Amino acid sequence: MLKETGVISIAIGTTDADTLEMQTISHEPNYAISVTDYEELHTAKQDVLSLLRDASHHVEQTTPSNVFDSEKHDIAFLIDGSYDSRNGFEEIRGFVEKMVESLNLDENRDRVAVVQYSRDATVNFYLNSYSSKNDVLNSIRKIRHKLGRPLNIGKALEFVRDNVFASSVGGRRAESVPQYLYVFSGGRSGDDVRGPAQSLKGNGIKTFTIGTKNADTLEMQTIAFTPAHNFHVTSFHNLQSIHPSVKATLSGAPETTDIPDTSTIPELELQSADVVFLLDGSDNMQASERQILDFVKELVMQLEIGPNKVQIALIQYSTEPTTDFLLNTHSLKDDVLSHLNNVTLKGGFTVNTGVALDYVMNNVFTASSGGRAQKGVPQILILLSGRKSEDDVLGPVDRLRNAGIVIFSVGVNDADRLAMEELAHSSRVQYFIKDISDFLLVRQQLLSDIVSHKGTLSPGVGE
């Protein structure tokens with residue numbers, strides 16, 4: 001919000017402050033200054049003065065001379081042209097056509113560009129390709145689906161930033177014309193989207209994302225200007241249901257919608273489940289200890305705890321696993337939370353995830369420890385891992401799956417993406433946390449996915 005309104009922030013933190021947090025707050029990462037303690041603040045004076053001079057120059061260079069004109073827009077539609085959208089491409093094209101019909105193109109107030117992407121991005125037309133609405137609409141109606149795979153959203157975002165909103169092809173950022181990007185996705189990106197998404201925000205481009213059930217919700221929220229700028233539809237065939245809400249984003253009207261708001265925590269109705277948290281407690285996780293333990297606590301706070309409802313267990317591991325508490329240790333939510341308040345990560349250099357997975361199956365999801373698989377209660381394992389295991393995990397994972405235990409994997413810091421995909425029960429339920437802000441988004445999506453998956457489990461699944 002501060003960056004959006006033009007406020008340049010300089011953050012000063014002591015050695016006990018979270019460096020990543022300070023860099024996130026700052027205007028840019030190098031605007032975060034570290035001192036040993038506040039008694040040493042005088043040593044940072046020259047650094048602050050230098051940044052103030054730099055900030056002053058930055059404002060002079062980037063502040064446009066023209067008056068903001070809210071009746072003009074530069075609008076780019078970035079369309080999923082891959083195989084992921086082949087059954088809904090006509091609906092996407094119709095949706096874009098309907099959006100354009102509401103714009104004022106004939107007087108050159110609004111300008112529109114359309115780009116398709118799969119492995120690479122291809123421009124259908126630029127912002128300055130046409131000067132009349134009829135020409136734009138005719139061009140949209142002639143667009144053919146490009147097809148291809150994989151879906152490289154990050155690469156497409158960079159292409160749009162450098163080649164579509166540029167002044168040489170009609171971009172009017174220098175005239176303070178608002179620039180909007182609408183991204184359609186029917187699947188998970190094959191490349192990283194974080195850097196390109198942040199770069200678009202830094203350039204003042206307001207991005208809205210429209211994803212189907214096969215798209216990665218966290219990914220869509222990361223790309224969007226804020227998580228609330230993400231729209232979700234079951235499939236592209238349902239696009240027209242969100243047209244009023246998406247259209248409102250251009251008119252300045254409140255962006256309200258009947259679709260679920262992914263920026264809020266869902267109200268859970270998980271009637272019963274045995275949920276085991278398996279935490280990588282190694283040295284690699286120490287820097288994020290507070291965020292990781294808060295992540296677990298906030299998840300627990302959203303669940304209804306009790307002997308006949310949801311039961312919680314917490315296990316840590318590095319070289320060997322250790323039990324913090326079992327499924328039948330606590331029957332009240334307050335007791336679980338109280339115990340979590342006193343937990344610290346155990347430490348250790350070696351990470352043996354395979355050993356830990358076998359331990360959980362043989363010692364935690366058992367009747368003697370409170371496991372209720374034989375009663376048909378869903379068995380859920382939430383694994384938080386910071387790096388690739390040094391032992392075999394495929395065998396233990398197969399044994400867990402054969403026992404009916406569903407694994408949700410959360411990668412933190414240096415977690416290996418391929419390894420996390422192997423651990424999760426499907427590619428849709430593995431998540432990655434690279435930044436402090438990701439903890440909130442992953443928690444929301446994880447809660448939602450656990451509840452939606454629970455409905456697919458049948459009584460007696462663990463027998």
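For the single chain, residues carry numbers from 1 onward in sequence order. The model shown is predicted, which means the values in this text are computed figures rather than measured ones.
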Q.
Counting C-beta onward and ignoring hydrogens, is there a side-chain heavy-atom pair between I312 and L327 closer than 4.5 Å?
A. no
Q. Is the closest basic N to carboxylate O distance between D191 and K155 below 4.0 Å?
A. no
Q | Audit row: S282, D280, side-chain hydrogen bond (donor to acceptor under 3.5 Å, both in side chains) steps and yes/no | A | CA-CA 6 Å; S282 68; D280 173 355; 2.7 Å; yes
Q) Between F225 and F208, does the ring centroid distance fall short of 6.0 Å? A) no
Q: Check whether any side-chain heavy atom of T212 lies under 4.5 Å from a side-chain heavy atom of T234, and answer yes or no.
A: no
(Q) Is the shortest side-chain heavy-atom distance between N163 and V123 below 4.5 Å? (A) no
Q: Decide, yes or no, whether a salt bridge links R188 with E219 under the criterion of side-chain N to carboxylate O below 4.0 Å.
A: no
Q. Between S199 and E158, is a side-chain contact (heavy atoms from CB on, under 4.5 Å) present by the stated rule, with each step listed?
A. CA-CA 8 Å; S199 178; E158 291 178 337; over 6 Å; no
Q) If only atom types and distance count, is the side chain of K213 paired as donor or acceptor with the main-chain N or O of G186 below 3.5 Å? A) no
Q) Are the side chains of L293 and E289 in touch, meaning some heavy atoms are under 4.5 Å apart? A) yes
Q | Criterion side-chain contact (heavy atoms from CB on, under 4.5 Å) on I75 and L127, from CA distance to verdict | A | CA-CA 8 Å; I75 304 157; L127 292 169; 5.7 Å; no
Q) Got F165 and I205 here, is their nearest side-chain heavy-atom distance under 4.5 Å? A) yes
Q: Could you check if a side-chain atom of I382 sits within less than 4.5 angstrom of a side-chain atom of L278, using non-hydrogen atoms only?
A: no
Q. Do S132 and D135 meet the criterion of a side-chain donor-acceptor pair at a distance under 3.5 Å?
A. yes
Q: Please determine if R111 and D74 form a salt bridge, counting it only when a charged side-chain N lies under 4.0 Å from a carboxylate O.
A: no
Q: Indicate yes or no: at least one non-hydrogen side-chain atom of Y117 is less than 4.5 angstrom from one of I153.
A: yes
Q) Under a 4.5 Å cut-off applied to non-hydrogen side-chain atoms, are V100 and F77 in contact? A) yes
Q.
I'd like to check the ring-ring contact (aromatic ring centres under 6.0 Å, His included) partners of H243; sequence neighbours left out, ordered by chain and number.
A. F95
Q) Where is the tightest heavy-atom contact between A224 and T209, given as atom of each residue plus distance? A) CB-OG1, 3.6 Å
Q.
Working to the nearest 0.5 angstrom, can you tell me the gap between L78 CG and T207 OG1?
A. 9.5 Å
Q) For K297 and N341, does a side-chain donor sit closer than 3.5 Å to a side-chain acceptor? A) yes
Q. Restricting to pairs with a member in residues 132-162, which pass ring pair (Phe, Tyr, Trp, His ring centres under 6.0 Å), not counting sequence neighbours?
A. F89-H145
Q) Looking at CG of L151 and OG of S118, how far apart are the two atoms once the value is rounded to the nearest 0.5 Å? A) 7.5 Å
